[in-house]
Amino acid sequence: MVVLMQLVMSTFLIWKTQRNIDCNNQVFCFLINKLHKNLAGNKDSVFVSLEDDFQTIFMKTAVVNLADENEDDQASLGEIREKSVKYLRDLFALLDANNDNFLVENECTIHNVSFSEIKQAVTTIFKIFDQNRDEEISTEDFPNKESFDLNKDRIVTFNEVIKKASDGRVSNIIFLPRPFQTLINKLDSIRDEKISIKEFERFTNELFNVLDDDNDCHISLDEVIEVVGGNKVAMKTILKPYTSVIEEFLKNLIKKADLNNDDKIDLYEIIDFKDFKFLTDSLESFKRLGYPKLNRSSRSRWANILEIKDDVSLWLTVADRLLQRKEFNNQTSCL
């Protein structure tokens with residue numbers, strides 16, 4: 001019954017957003033329209049043109065890869081809206097802990113994320129970076145890849161990308177910090193400078209196996225902190241502002257989007273949400289946070305490599321600690 005209700009709700013929401021083309025008074029629909037307008041310009045659909053720059057090509061291709069249902073290498077406003085509703089529904093389901101199709105105040109945080117939800121996210125990420133849709137992530141997916149072909153042999157290697165990206169400071173993968181080398185080796189297990197969908201999924205399965213400390217096929221923030229190790233109190237203190245802002249945002253959203261004053265919201269109310277000032281104020285709060293910073297008096301061992309800041313280098317140390325765990329060689333049992 002729950003699945004049937006979700007299907008009916010999704011169909012209604014897709015019909016509603018597609019029917020109401022001039023829905024710029026609704027925050028959700030306004031953002032979709034703005035994305036389409038920014039990428040499509042005066043055209044009806046989003047597609048890549050020869051005049052586009054590197055960043056625009058990447059963004060347009062990602063949108064087309066995610067939203068193009070009729071496989072015409074374009075993404076219409078209707079297709080973008082349909083895919084956006086799907087992602088909104090998935091996010092709603094992630095927060096809806098008791099699966100009753102409503103969000104209440106005590107559901108304003110993500111306590112546990114299941115393996116199936118992680119797999120959905122991983123599939124989306126892969127589609128974004130697999131720009132040419134050949135089920136592999138490689139230098140062939142680079143927009144304007146010719147600019148990375150330093151020796152002009154029409155083949156772009158990892159080393160050429162690294163050298164170009166570092167302005168010549170790093171000429172080979174072996175000179176990268178160990179976390180980067182380990183990550184590349186784990187993703188590209190057969191060393192062909194391509195990451196296949198199978199390799200990507202295998203890496204995800206191994207990473208989930210590491211983080212799922214109690215083997216319940218769900219991971220939580222506490223489990224991640226426990227697995228990473230180090231000063232757990234300090235790590236929670238660092239992350240507290242971010243989790244607090246997200247929780248406060250969701251609580252305020254429930255209050256402001258609750259049109260019938262029943263202290264809970266459904267997907268309909270989120271679609272109809274019209275408070276643009278709340279959105280603007282919330283975005284400013286997120287911007288002020290910046291990215292999580294680790295600080296200590298002594299500089300970490302990665303600090304001088306690639307001229308990165310000390311707090312960034314400490315995050316590399318955290319990543320290295322995670323990637324070196326022996327559990328990384330095992331697949332999760334949640335398949």
Side-chain angles (χ1 to χ4, degrees), residues 9-95 103 120-121 123-125 127-129 131 143-144 242 245-246 248-250 252-259 265-291:
M9 182 179 293
S10 299
T11 303
F12 174 79
L13 290 173
I14 291 170
W15 169 79
K16 185 176 182 180
T17 54
Q18 290 183 344
R19 175 182 62 86
N20 188 8
I21 300 300
D22 296 322
C23 56
N24 283 324
N25 63 327
Q26 300 167 337
V27 172
F28 180 69
C29 193
F30 169 81
L31 293 175
I32 297 172
N33 288 349
K34 187 173 180 63
L35 172 65
H36 177 267
K37 178 67 176 176
N38 288 345
L39 294 179
N42 296 322
K43 306 296 183 180
D44 293 331
S45 298
V46 176
F47 58 89
V48 176
S49 67
L50 297 175
E51 294 78 21
D52 293 329
D53 59 23
F54 184 99
Q55 183 176 354
T56 304
I57 291 174
F58 182 86
M59 286 293 297
K60 284 185 174 182
T61 305
V63 169
V64 171
N65 285 356
L66 293 175
D68 179 22
E69 290 294 331
N70 61 2
E71 299 182 352
D72 62 351
D73 294 325
Q74 301 181 37
S76 67
L77 179 57
E79 287 176 317
I80 294 174
R81 283 178 170 173
E82 182 174 346
K83 185 60 66 171
S84 299
V85 169
K86 177 188 180 302
Y87 288 145
L88 178 65
R89 185 185 70 242
D90 291 343
L91 178 59
F92 190 96
L94 182 63
L95 294 167
L103 291 184
Q120 288 181 21
T123 300
T124 300
I125 293 171
K127 286 182 178 179
I128 290 173
F129 288 96
Q131 296 263 296
N144 301 329
Y242 301 88
V245 166
I246 293 173
E248 190 66 23
F249 168 79
L250 292 172
N252 288 332
L253 177 62
I254 290 175
K255 291 177 182 178
K256 291 182 177 295
D258 181 19
L259 299 178
I265 59 172
D266 56 24
L267 270 173
Y268 302 98
E269 289 171 307
I270 294 179
I271 290 289
D272 284 329
F273 186 60
K274 298 179 176 68
D275 192 339
F276 283 85
K277 185 178 184 303
F278 169 74
L279 175 66
T280 303
D281 292 343
S282 299
L283 289 175
E284 287 300 319
S285 298
F286 286 119
K287 286 180 182 178
R288 284 195 294 270
L289 283 175
Y291 63 87

Shortest non-hydrogen contact between [X] and [Y], atoms and distance:
{"X": "Leu35", "Y": "Ile80", "result": "CD2-CG2, 4.3 Å"}
{"X": "Ser45", "Y": "Ser76", "result": "OG-CA, 3.6 Å"}
{"X": "His36", "Y": "Lys43", "result": "CE1-O, 3.9 Å"}
{"X": "Ala257", "Y": "Glu269", "result": "O-CB, 3.3 Å"}
{"X": "Phe47", "Y": "Asp73", "result": "CB-O, 4.0 Å"}

To the nearest 0.5 Å, what is the distance between [atom1] on [X] and [atom2] on [Y]?
{"X": "Glu51", "Y": "Ile57", "atom1": "CD", "atom2": "CD1", "result": "10.0 Å"}
{"X": "Ile270", "Y": "Asp258", "atom1": "CD1", "atom2": "CG", "result": "11.0 Å"}
{"X": "Ile265", "Y": "Asp272", "atom1": "CD1", "atom2": "CG", "result": "11.5 Å"}
{"X": "Lys274", "Y": "Asn24", "atom1": "NZ", "atom2": "CG", "result": "12.5 Å"}
{"X": "Ile246", "Y": "Phe249", "atom1": "CD1", "atom2": "CZ", "result": "9.5 Å"}
{"X": "Lys83", "Y": "Leu66", "atom1": "NZ", "atom2": "CG", "result": "7.0 Å"}

Student check: side-chain heavy atoms of [X] and [Y] closer than 4.5 Å:
{"X": "Leu279", "Y": "Leu31", "value": "yes"}
{"X": "Tyr87", "Y": "Thr124", "value": "yes"}
{"X": "Asn33", "Y": "Arg81", "value": "yes"}
{"X": "Phe58", "Y": "Ile128", "value": "yes"}
{"X": "Phe273", "Y": "Leu259", "value": "no"}
{"X": "Leu77", "Y": "Ile32", "value": "yes"}

Side-chain donor/acceptor of [X] to backbone N/O of [Y], under 3.5 Å:
{"X": "Asn252", "Y": "Glu248", "value": "yes"}
{"X": "Glu284", "Y": "Asp281", "value": "no"}
{"X": "Asp52", "Y": "Ser49", "value": "yes"}

Identified side-chain contact (heavy atoms from CB on, under 4.5 Å) counterpart of Leu267 within the set Val85, Leu103, Leu88:
Leu88
Assess whether atom [atom1] of [X] is packed by more than 12 heavy atoms of other residues, nucleotides or ligands within 6.0 Å.
{"X": "Phe129", "atom1": "CZ", "answer": "no"}
{"X": "Lys127", "atom1": "NZ", "answer": "no"}
{"X": "Asp72", "atom1": "CG", "answer": "yes"}

Does a donor on one side chain sit under 3.5 Å from an acceptor on the other, for Gln74 and Asp68?
no
Phe276 vs Phe30 aromatic rings, parallel, tilted or perpendicular, using cut-offs 30° and 60°?
perpendicular
Under the ring-ring contact (aromatic ring centres under 6.0 Å, His included) rule, collect the residues that match up with Phe92, sequence neighbours excluded.
none
Checking side chain to side chain contact (heavy atoms under 4.5 Å, CB included) for the pair Val64/Val48: CA distance, chi angles, key distance, verdict?
CA-CA 9 Å; Val64 171; Val48 176; 5.8 Å; no
Checking Glu82 against Glu79 for the side chain to side chain contact (heavy atoms under 4.5 Å, CB included) test, could you report, in this order, the C-alpha distance in whole Å, the side-chain angles of both residues, the deciding distance, and whether it holds?
CA-CA 5 Å; Glu82 182 174 346; Glu79 287 176 317; 5.6 Å; no
